[in-house]
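Chain letters run A, B, ... following the sequence lines, proteins first and then strands; every chain starts at 1.
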There are 2 protein chains.
Amino acid sequence: MTSDRLAPQRVPIALGDRSYEILIGSGLLSLDGAWAGLPASADALIVTNTTVAPLYGAALAERLQARHRRVLTVALPDGEVHKDWTTLNRIFDALLEAGCDRKTVLYALGGGVVGDMTGFAAACYMRGVPFVQLPTTLLAQVDSSVGGKTAINHPLGKNMIGAFYQPARVLCDLDLLSTLPRRELSAGLAEIIKYGPIADPAFLDWLEASLDDLLALDVAALSHAVRRSCEIKAWVVGQDEREAGLRAILNFGHTFGHAIEAGLGYGAWLHGEAVGCGMVLAAELSARLGLIDRALVDRLRALIARAGLPVQAPRLGIHRWLELMRVDKKAEGGEIRFVLLDGLGRATMRPAPDALVAEAIEAHTAPS
Amino acid sequence: MTSDRLAPQRVPIALGDRSYEILIGSGLLSLDGAWAGLPASADALIVTNTTVAPLYGAALAERLQARHRRVLTVALPDGEVHKDWTTLNRIFDALLEAGCDRKTVLYALGGGVVGDMTGFAAACYMRGVPFVQLPTTLLAQVDSSVGGKTAINHPLGKNMIGAFYQPARVLCDLDLLSTLPRRELSAGLAEIIKYGPIADPAFLDWLEASLDDLLALDVAALSHAVRRSCEIKAWVVGQDEREAGLRAILNFGHTFGHAIEAGLGYGAWLHGEAVGCGMVLAAELSARLGLIDRALVDRLRALIARAGLPVQAPRLGIHRWLELMRVDKKAEGGEIRFVLLDGLGRATMRPAPDALVAEAIEAHTAPS
Ligand SMILES: NC(=O)c1ccc[n+]([C@@H]2O[C@H](COP(=O)([O-])OP(=O)(O)OC[C@H]3O[C@@H](n4cnc5c(N)ncnc54)[C@H](O)[C@@H]3O)[C@@H](O)[C@H]2O)c1
Ligand SMILES: NC(=O)c1ccc[n+]([C@@H]2O[C@H](COP(=O)([O-])OP(=O)(O)OC[C@H]3O[C@@H](n4cnc5c(N)ncnc54)[C@H](O)[C@@H]3O)[C@@H](O)[C@H]2O)c1
């Protein structure tokens, strides 16, 4: 990663008395301006995991010593399987054992799993304490740390127990991405690419031109990609904070993607990988419904492939595909509602005939 | 209990888009008007406990059949010791096993324990579903169901994990109090009596005149007492929804009361009993600080005793008293801040010299 110090980008999130800013840049951790105005209570708790703690835990703790009298750290076990009540309770244990009061600030240092759990813990501890997001994966910087959704999993469903709860600030330090495994980087790119076709044709052009820079972790390119992604997500969420309608367009590629994740068993493909392939299928279905040109399908497919993401669907069998997509939460009354493209830069929700869905999947499945 | 059907009393709670009404009356369960305008989703879940379910569960389920396609019930184990994550999870299990979506309405049928847990479950299930309070204890009708506080306990502290979350409506059906054990009725009266000295001298006069009717469960008397209590609590909470300052006056008697509960071991005295005695001590301390006349101490003490509540403090020893009150959450930097009376109808928060506190306690402790 280059060490150019560009001024950090700022994305303001206007939500009345819950307004906050997303800051994006290189070296934010050591930049005084990035921390100004945040609550400087007596106690702070860094919540991270056992992978990220050895990489960035000490630097953050040192930084926070200057702001808080006492800086505690809890390193959770790493992985989506630990995004549950037992692990969440370790955060509460740490807070209560240390006698932390309701002014304590929580800092989420990690990917989406740590961010979702820390946010939920902050929402519940003494009925709400402030928290700051320090996302360390690309996915967390462009997706999970924006929008105020927090949650843990229940054995019967993902993200079933949670809260809408906004952070006091999000600090996207691009330097932290340097240690991210390649597959995780690509998974994050899937969510970035998504924002182009659903909302911003110019961003799609820019992504095509800049993908190599992004893969090389060029700070200027990352900075723009993260900022534009946050802006688009924030704009969509701002129209629909509590998820009544529009917010669903952010699930472009996700209905097919969830079926892939569930069909292959969670963890076989990363979520972002499944979404990458899912976007190809959703674009294909849009084309077959006459909503977009075939050329756009090819364009998206090429970009997704270049990002290091799979573009061939796994062979699940059409009955299983449909079954898996019907249990997805976007199916109402058994009818699958797909997020489809309606021209470039516009998404729409609608059902589609099973036969067309089958054709779209078949068109992107390797011959057996 | 008389079966007079007075028109229900209504207490509007103005909280912007989270506004709702508290309805108070006899026979509300079977009164159509009490249910009008509530969300009539496909699914409903009654959350109650094993004591209350056999008394009122069937009647409520029958009532709800008319409004929802499917009415499920979960009866939690009874008692404060079960106000924890394991029990809360039984609510989530019931919801997820039945495939309930985010429109499902939760109904809390029980005392404060059921209400606090149901409210917190509603706040968290799929990040928020609507819920209706049907409080079945006097304490729940006049205190815990008003104000939007929900929570569960953690082994290291009571009500440490929760949310501010408002119900869609509160239905205080006074008929449900007919089966309430006497001690629980008295405990509820403690919280009612509290509202007089801190906010409303006329209400204190009325309580003195009406206490026998209240103890006899006279509907007209209960109706007024519950309504006025809800109005006063709602007014205070409305000034301070998230508990920054004023709301603390609702804790009149609670600093001494918590010390009694903790000192004797939780459960020895009911919370309301400890608050009853705590109010005598807080009034005594107010008098010794010159804030109120001795006559008011005597008046309060007499009323509290008539309500069937203890007015003699247990013998904990002054060091233990002070120690217990210092760990109470209202102690900041080791200084105990008492809620005291500053004349009749006005409360104030302030510290007091240990010697005066000791005198106040001694004055109401039986000789050993
Ligand atoms: N709240 C939302 O709106 C939202 C949106 C999308 C996804 N999510 C949630 O986000 C989660 C997925 O997030 P994720 O993709 O960040 O996964 P993750 O948090 O599991 O991180 C992926 C892996 O990368 C490791 N890692 C993180 N940062 C690193 C770094 N800088 N260097 C080296 N390794 C690092 C992690 O330890 C983990 O092993 C899911 O639980 C999903 O439900 C939430
Ligand atoms: N949220 C708030 O603002 C707030 C305020 C005060 C108290 N609380 C909480 O409320 C709880 C105490 O509430 P509570 O005093 O109602 O106790 P509770 O809920 O334990 O009820 C007391 C007992 O009465 C039984 N019962 C309830 N209704 C009955 C009926 N109609 N007939 C016969 N038996 C009945 C219950 O099963 C229980 O055994 C505590 O957990 C406390 O933390 C919350």
Nearest 0.5 Å please: distance from the CZ atom of B:Arg127 over to the CZ atom of A:Phe120.
9.5 Å
Relative to chain B, which segment of A:Leu95 carries a heavy atom at a distance below 4.5 Å: side chain, backbone, both, or neither?
neither
Please verify the inter-ring angle class for B:Trp85 with A:Trp85; under 30° counts as parallel, over 60° as perpendicular, anything in between as tilted.
parallel
Let me know if A:Asp93 has heavy atoms under 4.5 Å from chain B in its side chain, its backbone, both or neither.
both
Which one of B:Asp101, B:Leu96, B:Ile152 has the most heavy-atom pairs closer than 4.5 Å to chain A?
B:Leu96
From NE2 (B:His154) to CE (A:Met126), nearest 0.5 Å
10.5 Å
